[in-house]
Novice: 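Once you've had a glance at the structure underneath, I'll fire off some questions.
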Amino acid sequence: MDARDPDLKKELDAALQTRKELGAEYESELVDSFMEKVEQRFNDTADRHVRRQLAEQQMATARGSRPYATGAPADQAHGLGVGERFAFVGVSLVLAIPLSAIGVVNEGLPGLLITWAGIFGVNAVHALGAFSWLRRGHKPEQSRD
């Protein structure tokens, strides 16, 4: 939590205070309620971002240019839009919460470390565009030795 979202911080503080008052037996309901609020906030932000991205693409199309053009021919363009990158990272972070909990419950600290290593690996591969051929529907280039 940071200063950019004081409402969400207030919600977290309220959930923690409620947990102190009600005890551990209501913890899962409180966590579920807070996670729904976080998910709704994320969805709202992602929706706004996607709408803005679509508007930018429509403007670029109207001007006759390709959005996020990389200078490469269309079949070699590998640049991802900011919206796609944001959505992928956001979804992976949202999924990291339950995956981390599962890893900790089952294996403790090693489970948590393995979980986050996997999350890091997936995001690194995505950021590097290692599987860009999947998005285009082409087969990977074979080495020409």
Side-chain angles (χ1 to χ4, degrees), residues 1-72 74-141:
M1 299 295 118
D2 61 8
R4 290 184 289 171
D5 200 347
D7 292 336
L8 203 53
K9 184 175 182 349
K10 288 178 187 176
E11 291 288 340
L12 178 59
D13 291 339
L16 292 174
Q17 188 63 31
T18 304
R19 196 261 184 215
K20 287 179 186 175
E21 293 173 8
L22 296 178
E25 58 270 5
Y26 292 101
E27 186 171 322
S28 65
E29 289 86 359
L30 290 170
V31 169
D32 289 343
S33 173
F34 180 72
M35 288 308 300
E36 286 175 12
K37 291 173 184 171
V38 170
E39 184 177 6
Q40 183 61 44
R41 184 69 50 97
F42 174 75
N43 288 339
D44 292 345
T45 302
D47 287 344
R48 278 194 312 270
H49 190 74
V50 167
R51 277 189 253 118
R52 187 178 76 224
Q53 204 63 28
L54 287 173
E56 289 175 5
Q57 288 176 354
Q58 289 173 348
M59 291 292 290
T61 301
R63 290 184 196 130
S65 63
R66 291 185 301 140
Y68 306 109
T70 61
D75 62 334
Q76 293 178 357
H78 62 279
L80 297 174
V82 175
E84 183 178 337
R85 289 178 190 265
F86 177 80
F88 187 86
V89 170
V91 168
S92 69
L93 289 176
V94 168
L95 292 175
I97 295 167
L99 291 174
S100 296
I102 292 168
V104 167
V105 167
N106 290 320
E107 294 297 326
L109 183 60
L112 180 65
L113 295 175
I114 290 169
T115 300
W116 277 95
I119 293 166
F120 175 80
V122 167
N123 280 286
V125 167
H126 184 264
L128 295 173
F131 296 112
S132 61
W133 55 271
L134 285 175
R135 285 192 307 276
R136 292 192 310 265
H138 296 279
K139 295 184 178 181
E141 293 181 11

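We count residues from 1, following the sequence as given.
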Novice: Main chain of Ala14, side chain of Thr18: is a donor-acceptor contact present, judged purely on distance under 3.5 Å?
Specialist: yes
Novice: Are any non-hydrogen side-chain atoms of Gln17 and Glu21 less than 4.5 angstrom apart?
Specialist: yes
Novice: Which heavy atom of Thr115 sits nearest to which heavy atom of Ser100, and what is that distance?
Specialist: CG2-N, 3.9 Å
Novice: When rounded to the nearest 0.5 angstrom, what distance separates CG in Leu12 from NZ in Lys37?
Specialist: 10.5 Å
Novice: To the nearest 0.5 angstrom, please state how far the OG1 atom of Thr61 sits from the CG atom of Leu54.
Specialist: 10.0 Å
Novice: Should the pair Arg48-Asp44 be classified as a salt bridge under the 4.0 Å nitrogen-to-oxygen rule?
Specialist: no
Novice: Are the side chains of Trp116 and Leu99 in touch, meaning some heavy atoms are under 4.5 Å apart?
Specialist: no
Novice: Working to the nearest 0.5 angstrom, can you tell me the gap between Arg52 CZ and Gln57 CD?
Specialist: 12.0 Å
Novice: Indicate yes or no: at least one non-hydrogen side-chain atom of Phe34 is less than 4.5 angstrom from one of Glu11.
Specialist: yes
Novice: Any non-hydrogen side-chain atom of Val89 less than 4.5 Å from a side-chain atom of Asn123?
Specialist: yes
Novice: Do you know the tightest heavy-atom contact between Ala15 and Leu30?
Specialist: O-CD1, 3.9 Å
Novice: For Val91 versus Phe42, what's the shortest heavy-atom pair and its separation?
Specialist: N-CZ, 3.8 Å
Novice: CD of Gln40 to OG1 of Thr45: how many Å apart, nearest 0.5 Å?
Specialist: 9.5 Å
Novice: To the nearest 0.5 Å, tell me how far Leu93 CG sits from Phe88 CZ.
Specialist: 10.0 Å
Novice: Just wondering, are more than 12 heavy atoms of other shown residues or ligands nearer than 6.0 Å to CD in Glu107?
Specialist: no
